[in-house]
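What follows is a single structure, written as structure tokens, with notes after it.
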Amino acid sequence: MARCVQSVQEFIQDSFVPMVAVLCSEEAERVTRKNNLNFAELLRPFCRLTSEGHIRDPNNQVQTVKNLRICVNKLVASQNTTSAVLGPTQRQLLSEVVLSCQPQDGAVTNMITVGGYQLNFNGKGCLSTSQCAIFRWSITFLSNSKYFFIYLKSTTPWFEAYRENFLQSMPASDHEFLNYFLACLLVVSSTEAVPVEQFLKLSQEQHRVQHSGEYTNPKWFIPNTLKYYVLLHDMSEGNEHRADTVYEDMKQRYGPQGCYLLKINSRTLSTGEDEQIPDPWSQYLHRNNLHNQSVMCTINILDTASSSGSLNNLSTVNSDVKRGARDTESLVGGAGSHGICLTLNDHDHIRQFIQEFTFRGLLPHIEKNIRQLNDQLVSRKGLSRSLFTATKKWFGGGKGPEKSINEPKSTCGLLYPPEAPELQIRKMADLCFLIQHYELAYSCYHTAKKDFLSDQAMLYAAGALEMAAVAAFLQGGAPRPYPAHYMDTAIQTYRDVCKNMVLAERCALLSAEILKSQGKYSEAASLLIKMTSEDSDLRSALLLEQAAHCFINMRNPMVRKFAFHMILAGHRFSKAGQRRHALRCYCQAMQVYKERGWSLAEDHINFTIGRQSFTLHQPENAVIAFREILANDSRQTATQQGAFLREYLYVYKVNTNVTGGNEVSLPQLPLPCIHSSATRVYFGHERRLAEGEKQAATHVSLDQEYDQDLAAMWRHLEEQLVAAANRGLVPGNFQPTQSCLNSHTDNLRHPFAVVEEPIIVEVTFRNPLKVSLALSNLSLLWKFSVEGASLSEEMSEGLSGKALTNEDALALGVAQKDDIVSTETILEFYMGPEETKVARLRLLPHRTGQLNIVGVVYNLAGPLPGELTPSQQMMDMMVVHGKQDLRIQGPRLNQTKEDKMLIRHGPDRRLEPIITPPMPLMEVFFLQFPTALLCGEVRKAYVEFCNVSSVPLCGLRVASTHPDFFTFGSQATTPLTPVSPASSENCSAYKILATPHQLGSVTSEILVSPEDFNQPSGVIEIPIDGCTLQPGESTQLPLWLRGPDQEGVHEINFLFYYESTEKGIKISHRVLRHKVFICASRSLSVQASVCHSSIPPPNCGLDDKDCSGALVFIDVENINTSDAAVREFLIVQVSSSSQNWCLHKCINPAKDKDCKLTSRERAKLCFRATRCKPREDTSDTVERYTFADLNLGNEQIVSSSTPCGDFFFRCCQNSQRVNVVSSSCKSQGSLSTENTVSDITNIVKKCNELDLNIIVIWKAYVIEDNKQLILEGQLHVALQAIGKEASSLTPKQEATEMVLLKFKSELPPPAILPTVELSQLIKTNLQYPETYSHPFVQESLCVVPVTLTLSNCSLAHVDVIIDLRHKSVSPVFLEVHTSFTWVGQTQYKLQLKPQEMLSLTLQACFLKPGVYNLNTLRVFAKPADQDAMCETSQQIASPALIIINNA
């Protein structure tokens, strides 16, 4: 139970106190009415004794009476009979008492921790006016989300007030004497003519009320009631000497202990204004004001009777009507303060009077009656008990006495006569209990209990059991435990046998307090719950609430039981009409159920709280409660959710009408739910669709999903563009352009938006309900701070000193002004059940400044019942206007130690753009842009650049992930754009010269600088006229495309860059993205290899160092098998590009007239390559490439011009980047080994270096739509070294093998000499006659001269050893005669200079005719500065066959 202000002992003592009646004369009432009080009310604040009293028991033992309080009531006689239930008036009184007692602000907070709950017993209560809403404080989670608070009241004053008034309102019963009057105060004023006669009249009136038998109420304890005579003297009017004289006469007549002179009203109005006198009556009269109102409604004027005196805390009343009317007026009290004529001395006089009356009159009277009752019981005990026992034995054995028809009966047993010994014992027990002699009282109650049970007088027995248990509990220091079973039996008897719920409730209240004081909260809760019934909702609600407090105060608190019984208490409070208490109970229970997974319970509690708040004229709290139902994910059915939604809309509408509907701030709406983190913001116009043959650049749109890898790729391209525009350096304050912001982008800085360019905000809505929602007039809420407004503009437009917002206009329902920001409105936005839907809302800023997008505003309409046709009035009622804020939580900070220990989030400024001045805006369109190409196919397209802004743009550049895919040409040499592909089917993309085809013709050579085609940074500057594009201007440029070398689908990205002509603005540049997908199909496969030529070129002398030649073998295969439209390929030209080598002529057989390849056909081509002649202009430091063209048809394509040269250099640059990366990867970990042979490698490197690039240009004949189209293309093969084969197909990258980690240092492996490279230092050539005739008959030996030519292919001095003693044993030459020998010097040691040629004359001797292979010699070579370990045998040339004939 809740904690009470009083202790249990004080509560019980104050519940059972001696009752004293008051009977006043009219003059005495007039004297006391000066203080706006009657006499009983005048005494009430002083009825508790401050000193101890003493009394002797029948055993002559002194008993101390402490803290005694007496109850003084005005005598009100009544003929009403005692009832077992409370009457309607009493019920109404108790209801009003509970209703008037509500939680107050400023109560002391009591907090306890219960498991995972932290309970805060707060005196503020749930209806505190200091709280703006119920749920803003109901649950507060701590930072670790482990505990949450429950706010309760530490005390329940409404229950204490109910309990006190209930006990006071109990009528006097026949089975007990606790509410009987023990004495009567007869009060007469000293201003009476004959005060003694007035005392006599009052005494007779009291005697008539008690003994005439006309009145059933009030009841008197003993026949000889104590009469105490009080002479009331008004110090401001009466004669004090006369009052003393009368008092002396009274003492002679009534004795000094039976009368008292009370002097009051010593204060005059003149002296009372300066002195502040306390008012002790206010607390008592305020508490009993409702009692007095009830008395006024129930007074019987004719009988001068009223309801029970104990109910209304009243005293006696006169019999005439006028006196009764005046008494009822005094009950209510005057309008002024109380005790205005009393001084502090008068207060002391009243207090002293009460003590004198109690100590000298009341207590001696009680002591005398206890002795008399004890003597009577002792004298009558033997006779009476023996007589009763004999009667029982004679008539019925041990059974109870048989009742005759005329004997009084009751529903719960017999009724004893007043002089019955059993009642005398009970009367003595009650007297002892009232004076705190609990031991003797318990003994008497126990004895009476046995007698009553023996007689089956159940009502009397239950009363004895009840008081015996209470007396046993109140015995100080007694070892006797509290007999709780006595109370249980008494409650059961009252409730089930006697059908008296009033007495059962009193017994339960007493027992529950006693059990609570002993810590038996579970037993107390069970007892209170058993007392709930359907006959009284108020009693059941109060007892259920106290049971809930018992559960929370257990040693192991039962929090969920507490909440459940608070719900039950709230329900019964609601049925009893106590809506404020019902609301409080539901709010306290919500603290346990909220966010603990009890969604259905939460919905019920919130719905009830909303209903109760609305009934209590708290529509704001009702709106909050219904919002909680709709904001959470509900498990309710669709029908129930629809009902909740309609309730919310109705309450919201009423709340709006109550507040006037003209508030500037819009209220928050709970539906639909907004995923704030999923909000995306797009800056700029949306992409235009294709117009006819024009294909617009894709750029960025809200339809594209965010990809982190793609974002990094676009950032890298933009960094390249920015670096190219800033002399190769990226500025330190560079920030990549982000046109679309989301939760994955960097939102720590304010984004930039351009004036007069739209801002599109994509908001994600989710309907959590199973019913549909209809939103209308959906738009964005914003705040705007104008930048750079002049003073006149600020004054005229009201821009000074504050941020502009559109919320004011939307809240008031007036038209918005679009001079600052234009706001787009979505008129209808329908959401199905449990649907997630996005809305794209637009803003168009017209001024520069700071824009903050704060939320969305809309009208919310709920579903209507399907069977009803909604009228316009109902439709208006079901539509509400409100907003939702867009609050986006930034990323969690994780930089500092504090950030890692705490949960901190950075800012997210995606909704806070800075509006900048106008910027150029460019759109890009592509014409005749293909989607599928053959590998290496060259296609011509066109690009159109349009400036759609009002600002000129410049610095147009482009970067791409595939720079070798496209190239721009010069606008001067670009032909007109064809209207359609059909008109350009025979137009070649190459520059062509008409030349006749001549087999074996020598190529034409052109020197070209790579800077004319390629830009080192990979960024291409787009050549537009004047380098500036004016507003509204557009230009068209040709664009050559080349299909990727590898088949498949390729994603190719373009990033266009442009700037404003105005410098120093916030946005330095803008970019435009474009993404295309190209499907590449197979075309041709080119395999090429090169070897040294044994025959020197013609017209080349021995001293000419540049006469070295090489043979280039090219295999071309048609690998296009999937595309049936491609008929055949035609190789039209083979070109070369190199700094050192070039193709010289084609040495194919003369019968090859053309080179057409159908599917899977292969052609072999052979070319002679020679070194380029050195340039004479050595002053030119720019490297130049020699382009050589060998056409195989009638047309010569200029390979050194656009687009052939562009694509060649793009491919070379791309392959160089790949080679650099691969070589850098391969060099890791092998540097120490290669250092030993690096010198030798460098020496022999130049031996095989070739650096010859082959360009194969082809045409393909394709059938499309019954028309033949001619496609063109080129393939590139890079020959890096002699003897190494190269291919046009990109090799597939194989996964690198995992290398085990080595933790111990190992010895480096021995150096492996590059034998392959060293075997190619020297090139040999034998010159001899092919046929030689010799007469062997005449001369047996045939000697033939042979010239050996040695060529140093390296750039270093080489030591050469020639050994002629070697004989070939190779199986290839077994059929060739080898029976010859070299004559003369058989071994030579020479040294050749770099690229030196040397000839030696040798002699071969033959013995018989035949075919002989002269290439049997061995040549060893090594660099001159190396040791003999580097000496390597050189490669043997092709067989040198000679025919020896016999002449």
Side-chain angles (χ1 to χ4, degrees), residues 19-47 70-78 168 181 183-192 198 202 205-206 209 218 228-234 236-237 260 262-265 267 279-299 301 304-342 346-347 349-351 353-354 357:
M19 304 288 293
V20 178
V22 174
L23 191 60
C24 298
S25 65
E26 291 185 2
E27 188 64 22
E29 286 291 342
R30 184 189 65 81
V31 173
T32 57
R33 201 176 297 118
K34 291 182 179 181
N35 299 288
N36 295 320
L37 300 166
N38 59 33
F39 190 76
E41 294 172 347
L42 181 69
L43 301 182
R44 191 164 294 135
F46 310 99
C47 287
I70 63 174
C71 182
V72 181
N73 287 337
K74 192 172 183 179
L75 181 62
V76 178
S78 171
Q168 292 179 1
F181 283 118
C184 182
L185 297 178
L186 304 178
V187 185
V188 174
S189 175
S190 62
T191 57
E192 297 280 354
Q198 290 296 326
L202 295 178
E205 178 68 18
Q206 187 274 335
V209 171
Y228 197 82
Y229 302 90
V230 181
L231 182 63
L232 188 63
H233 177 65
D234 190 347
S236 62
E237 293 183 359
Y260 192 83
L262 179 59
K263 299 178 181 180
I264 60 173
N265 295 345
R267 184 184 182 189
D279 183 8
W281 296 274
S282 59
Q283 55 180 334
Y284 296 95
L285 298 182
H286 175 73
R287 185 170 57 189
N288 295 315
N289 188 27
L290 293 172
H291 299 180
N292 302 334
Q293 294 179 12
S294 177
V295 171
M296 292 180 63
C297 298
T298 57
I299 286 183
I301 304 252
T304 64
S306 175
S307 59
S308 171
S310 61
L311 169 66
N312 303 286
N313 297 330
L314 301 178
S315 187
T316 58
V317 67
N318 270 328
S319 59
D320 61 294
V321 178
K322 292 183 180 180
R323 184 179 305 169
R326 285 195 299 269
D327 291 341
T328 57
E329 292 177 3
S330 67
L331 293 178
V332 181
S337 59
H338 308 96
I340 57 177
C341 297
L342 301 178
D346 293 337
H347 293 184
H349 293 162
I350 298 173
R351 191 176 293 108
F353 159 67
I354 293 295
F357 163 70

For the salt bridge (Lys or Arg N to Asp or Glu O under 4.0 Å) test, which of K263, K34, R30 pairs with D234?
K34
Any side-chain heavy atom of P218 within less than 4.5 Å of one from M19?
no
Just wondering, do H347 and L342 contact through their side chains at under 4.5 Å, heavy atoms?
yes
Got a second to check how far I350's CD1 is from F46's CZ, nearest 0.5 Å?
5.0 Å
Y260 pairs by ring-ring contact (aromatic ring centres under 6.0 Å, His included) with which of Y229, Y228, F353, F357?
F353
Nearest heavy-atom neighbours spanning N36 and E41
O-OE1, 4.4 Å
When rounded to the nearest 0.5 Å, the distance separating CG of D346 from CG of N265 is 7.0 Å
Hey, are the side chains of V187 and L262 touching, using non-hydrogen atoms and a 4.5 Å cut-off?
no
Under a plain distance cut-off of 3.5 Å, with no hydrogens placed, do E27 and T191 share a side-chain donor-acceptor pair?
yes
Identify the two heavy atoms, one from F181 and one from A21, that lie closest to each other, and give their separation to 0.1 Å.
CD2-N, 3.4 Å
Minimum heavy-atom distance between G339 and W281, given as atom pair plus value:
CA-CZ3, 3.9 Å
Can you measure from CD1 (I354) to CG (L185) and round to the nearest 0.5 angstrom?
7.0 Å
From Q198 CD over to S25 OG, what is the distance, rounded to the nearest 0.5 angstrom?
5.5 Å
Calculate, to the nearest 0.5 Å, the distance between atoms CD and CZ belonging to E26 and R33 respectively.
9.0 Å
Polar side-chain atom of N35 near backbone of C341 as donor-acceptor pair, under 3.5 Å:
yes
Looking at A28 and S189, what are the two nearest heavy atoms and their distance?
N-CB, 3.8 Å
Side chain proximity check, E29 to N38, heavy atoms < 4.5 angstrom
yes
Only one of L231, L23, V230 forms a side-chain contact (heavy atoms from CB on, under 4.5 Å) with L186, so which one is it?
L23
Return the minimal non-hydrogen interatomic distance between C47 and V72, and the atom names on each side.
SG-CG2, 3.8 Å
